[in-house]
4 protein chains.
Amino acid sequence: MAGTARSAANAAEKRRLILDAAVRVFASQGFHACRVSDIADEAGVAYGLVYHYFRSKDQVLDTLFLERWDVMLEAIREVDARDLAARRKLEAIAAFIVDSYRHDPDLMKVIIVEVTRAANSFGQTHIEKINEAYNLIAAVVAKAQDAGEFRSDISPQFAAMAFYGAIEQVLTGWIFATLPQAAGDYDEAKRLIVETICSGLDR
Amino acid sequence: MAGTARSAANAAEKRRLILDAAVRVFASQGFHACRVSDIADEAGVAYGLVYHYFRSKDQVLDTLFLERWDVMLEAIREVDARDLAARRKLEAIAAFIVDSYRHDPDLMKVIIVEVTRAANSFGQTHIEKINEAYNLIAAVVAKAQDAGEFRSDISPQFAAMAFYGAIEQVLTGWIFATLPQAAGDYDEAKRLIVETICSGLDR
Amino acid sequence: MAGTARSAANAAEKRRLILDAAVRVFASQGFHACRVSDIADEAGVAYGLVYHYFRSKDQVLDTLFLERWDVMLEAIREVDARDLAARRKLEAIAAFIVDSYRHDPDLMKVIIVEVTRAANSFGQTHIEKINEAYNLIAAVVAKAQDAGEFRSDISPQFAAMAFYGAIEQVLTGWIFATLPQAAGDYDEAKRLIVETICSGLDR
Amino acid sequence: MAGTARSAANAAEKRRLILDAAVRVFASQGFHACRVSDIADEAGVAYGLVYHYFRSKDQVLDTLFLERWDVMLEAIREVDARDLAARRKLEAIAAFIVDSYRHDPDLMKVIIVEVTRAANSFGQTHIEKINEAYNLIAAVVAKAQDAGEFRSDISPQFAAMAFYGAIEQVLTGWIFATLPQAAGDYDEAKRLIVETICSGLDR
DNA sequence: TATGAATGAGTTTTCATTCAT
DNA sequence: AATGAATGAAAACTCATTCAT
């Protein structure tokens with residue numbers, strides 16, 4: 001039935017409306033500080049509807065994280081599949097993450113600030129998902145080492161942590177307004193992260 | 001009076017007892033998930049006593065953070081004051097932070113997971129304090145650039161973020177058991193962090 | 001129209017489907033503990049449909065109770081109208097109630113546990129209906145006393161309560177698995193209830 | 001310390017205050033219909049205090065039931081230990097239960113009306129406790145059968161159910177005002193219950 | 001008839017904090 | 001200094017019920 005199809009469309013839209021509202025609310029108030037009714041108010045729906053679509057407030061955060069994280073994992077896999085120099089791959093990954101932030105800073109803020117903490121409280125559910133990303137990056141490094149592109153005396157796991165840590169810290173700097181965010185700063189950041197990690201600070 | 005002195009000593013000990021218990025409880029349950037009475041139970045005192053020594057639950061966390069962070073700031077300042085090559089300074093800073101973790105992993109976990117990454121939830125309370133550390137590191141880099149030790153096309157602020165981000169990510173890896181923590185891994189990490197950031201991954 | 005007749009038949013069937021599902025759900029979860037959607041799920045319909053046939057969750061229970069209780073009242077009246085010795089009448093009444101349980105234990109469980117014993121929670125809604133049964137039984141006793149079949153120093157009201165109480169307690173014993181429910185136990189129970197109440201335990 | 005002893009006394013008193021208030025509230029509104037705040041209001045305390053002394057609303061009901069039921073079990077055991085004819089024992093048991101009702105009708109109402117239903121919802125916790133009572137009564141009957149006081153063709157378990165069912169139904173009659181409750185009615189009831197169950201209705 | 005999205009009143013429960021002792 | 005009884009604000013969550021389709 002058309003009616004049913006239309007309803008299903010509306011239902012999906014409402015769910016999305018709630019998720020998008022949650023991003024804004026989590027970003028501005030923090031996950032713990034906000035109430036479910038704040039999300040509902042922001043979305044313009046009754047708060048009961050949040051529970052119609054999600055089992056709990058936690059699950060709203062989970063959903064946001066998993067949605068975005070899966071997109072990122074896919075992007076990293078896609079980059080790794082391309083026939084590129086390792087350095088170009090790292091550039092593409094850094095670019096993807098920086099662009100994700102540029103495109104939706106609130107969402108990235110929520111994922112970085114709230115999910116790490118939640119990972120601690122809610123058990124290990126997300127940790128494995130997060131590790132997948134590190135492992136994918138580590139695989140890029142490992143292949144580069146085998147190919148002689150990267151030095152072999154730094155473990156791929158470790159290199160992945162340094163690379164990802166540098167990116168995340170830059171985003172954190174933007175989130176807390178510690179680093180400047182002018183027009184060219186995003187592209188500059190992409191370049192500098194890779195330059196630092198690959199070539200080092202030494203002269 | 002001796003009696004008073006003894007009481008004062010006991011009072012300071014009780015306060016410390018509560019702070020140490022809080023570290024363990026915050027680390028295992030998370031700040032938000034735990035109750036004040038959990039801290040008191042862990043310390044073996046009545047929960048009313050927590051309020052004798054601290055204004056609020058927040059203030060317990062604040063105290064833990066500030067105590068430790070000030071020690072770290074002092075350590076960085078002290079390192080910077082020494083007559084060392086920039087690379088040695090960064091090594092000393094990395095060593096200090098890694099050793100802090102080795103000495104009291106719970107405390108570092110609390111500081112990273114509950115304060116550093118969550119700073120916006122607490123308003124902007126600690127952001128300036130946190131920035132002080134970045135600025136001190138940036139100053140080390142800036143001087144190294146002036147002295148021709150480090151290349152000048154990467155801003156000191158940015159370099160500081162990459163450096164600190166790499167360290168924090170390694171600690172996070174240990175905290176969530178993503179990275180191995182065997183006997184030699186701590187010293188290895190100190191070396192590799194600086195090696196990666198200063199010399200880069202390139203061959 | 002045949003279509004209309006068919007629809008009406010379907011409607012009545014759906015209503016019955018819901019009532020039967022409600023019996024199972026009320027029996028296994030209890031009236032308060034279950035949700036309207038549990039009934040709908042059990043019936044295999046959308047929960048909105050429950051509200052098409054019934055004004056409220058309460059009314060579903062009311063309907064179940066009244067349906068069955070009216071059948072019982074009618075049965076008691078019919079027994080009383082027969083030309084039988086009082087003892088035979090009580091036997092027939094006990095048999096009817098025991099057979100009701102044997103035929104649909106869930107329904108009797110719901111009526112006893114959720115309505116008969118809980119009548120005050122529903123205001124005094126069903127108390128008069130319930131009393132009708134006691135009064136009909138009391139009338140049987142009163143007539144037997146007038147006819148010299150039963151002793152006259154026990155009030156008919158009181159005798160009715162003892163008789164009905166014994167039956168209900170036996171059902172309760174079955175409901176909570178306190179009394180055995182093997183093949184012959186139902187017929188044995190019918191006999192023993194009347195034997196106990198009419199002839200007593202004395203030797 | 002005297003202060004501590006006094007506090008403990010007050011604490012126990014407050015707990016009792018809450019339990020007594022709960023009896024009145026459960027009796028007048030029913031367990032499900034009342035709110036925890038109704039109990040607290042009735043007791044004149046903040047509702048948080050209810051949770052200071054009890055884990056949940058359920059546990060308040062549990063406590064009331066177990067307190068009273070244990071007293072009854074003890075009373076039955078004590079009666080059974082006496083050197084009395086079986087009929088006298090049953091009289092003493094009936095008298096104890098009727099007097100319990102006379103002394104605190106609200107409490108007995110709660111136990112009879114709410115606990116049976118709760119036994120259904122909350123699991124089997126109370127059922128065993130309730131069965132203990134039946135078993136003690138059955139033991140009285142069994143011994144009487146062995147001694148030749150009671151006929152042996154009615155199982156003790158069954159006799160116990162009839163006896164207890166008759167008593168409970170009389171209380172239910174009082175609770176729902178189906179049976180008269182004038183001055184002499186309580187003592188009359190004690191006598192009639194035993195007379196009916198032991199000697200029967202037959203002339 | 002039938003569906004299930006949408007609503008929001010209502011309730012339990014938690015827990016930081018206060019304060020009398 | 002130390003205790004823990006007492007408070008009540010606050011929030012998550014439930015679920016009966018309505019209603020557009």
Side-chain angles (χ1 to χ4, degrees), chain A residues 1-8 10-15 18 32-40 45-58, chain B residues 4 7-8 10-11 13-15 32-40 45-60, chain C residues 4 7-8 10-11 14-15 32-40 45-60, chain D residues 1-8 10-15 32-38 40 44-58:
Chain A
M1 269 177 286
T4 303
R6 181 59 192 282
S7 292
N10 285 341
E13 283 162 24
K14 280 282 173 71
R15 203 184 115 97
I18 289 167
H32 279 103
C34 83
R35 296 171 291 180
V36 172
S37 67
D38 292 331
I39 302 172
V45 300
Y47 62 85
L49 199 61
V50 176
Y51 288 94
H52 189 79
Y53 289 109
F54 304 95
R55 224 186 329 284
S56 66
K57 190 182 166 188
D58 282 8
Chain B
T4 306
S7 293
N10 284 342
E13 282 163 26
K14 281 281 173 71
R15 200 184 118 98
H32 279 102
C34 83
R35 296 173 290 182
V36 172
S37 66
D38 292 331
I39 302 171
V45 301
Y47 56 86
L49 198 60
V50 175
Y51 288 90
H52 186 79
Y53 291 108
F54 304 95
R55 212 180 353 274
S56 67
K57 187 183 170 187
D58 279 16
Q59 211 212 351
V60 176
Chain C
T4 306
S7 294
N10 284 342
K14 280 282 173 70
R15 200 184 118 99
H32 279 101
C34 83
R35 297 173 290 182
V36 172
S37 67
D38 293 330
I39 302 172
V45 300
Y47 58 84
L49 198 59
V50 175
Y51 287 91
H52 186 78
Y53 290 108
F54 303 95
R55 214 181 350 272
S56 67
K57 188 184 170 188
D58 278 16
Q59 212 212 351
V60 176
Chain D
M1 267 177 286
T4 305
R6 181 59 193 280
S7 293
N10 285 342
E13 282 162 25
K14 280 284 172 69
R15 204 184 116 100
H32 279 103
C34 83
R35 296 170 293 180
V36 172
S37 66
D38 293 330
V45 301
Y47 59 85
L49 198 59
V50 176
Y51 288 93
H52 189 78
Y53 289 110
F54 303 94
R55 223 186 331 283
S56 66
K57 190 182 166 188
D58 282 8

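Computation of the quantities below employed the complete heavy-atom set of this structure, encompassing side-chain atoms and omitting hydrogens, waters and symmetry-equivalent molecules. Numbers restart at 1 for each chain; the letters A, B, ... are given by sequence-line order, proteins then strands.
The minimum heavy-atom distance between Val60(B) and Val50(B), with the atom names listed, is CG2-CG1, 4.3 Å. The heavy-atom pair separating Tyr51(A) from Ser56(A) by the smallest distance is CE2-CA, 4.1 Å.
Of the possible polar contacts, none joining the Lys14(A) side chain to the Tyr53(A) backbone as a donor-acceptor pair under 3.5 Å is found.
dG10(E) atom P lies 13 Å from atom CG of Asp38(D), rounded to whole Å. Atoms CG (Leu49(D)) and C1' (dT13(E)) sit 15 Å apart, rounded to a whole Å. Rounded to whole angstrom, the span from the CD1 atom of Ile39(C) across to the P atom of dG4(E) amounts to 17 Å. Per the geometry, NE2 belonging to His52(C) stands 4 Å off P belonging to dT1(E), to the nearest Å. Rounded to whole angstrom, the span from the CZ atom of Arg55(D) across to the P atom of dT12(E) amounts to 17 Å. Residue Glu13(A) contributes atom CD, which lies 10 Å from atom P of dA6(E) at whole-angstrom precision.
Within the 4.0 angstrom heavy-atom criterion, no nucleotide atom of any strand lies near Phe54(B). Within 4.0 Å (heavy atoms only), Ser56(D) reaches sugar-phosphate atoms of the nucleic acid but no base atom.
The side chain of Arg35(A) lies closest to dA12(F) when the candidates are dA5(F), dA5(E), dA12(F). Of the listed nucleotides (dT7(F), dC13(F), dT13(E)), dT13(E) has the atom at the smallest distance from the side chain of Lys57(D). When each of dA5(E), dT12(E), dA2(F) is scored by its nearest atom to the side-chain atoms of Val36(D), the top-ranked nucleotide is dT12(E).
The base of dA2(F) lies outside donor-acceptor range of the side chain of Tyr53(B), with no N or O pair under 3.5 Å. For dA2(E), its base never sits under 3.5 Å from the side chain of Tyr47(C) at any donor and acceptor pair. Judged by atom type and distance alone, Tyr51(A) does not reach the base of dC15(F) through any side-chain donor-acceptor pair under 3.5 Å.
For the OP1/OP2 pair of dA5(E) and a distance below 4.0 Å, the side-chain nitrogens and oxygens of Lys14(A) include no atom meeting the criterion.
A 3.5 Å limit on both hydrogen-bonding distances identifies dT17(F) as the Watson-Crick or G-U partner of dA6(E).
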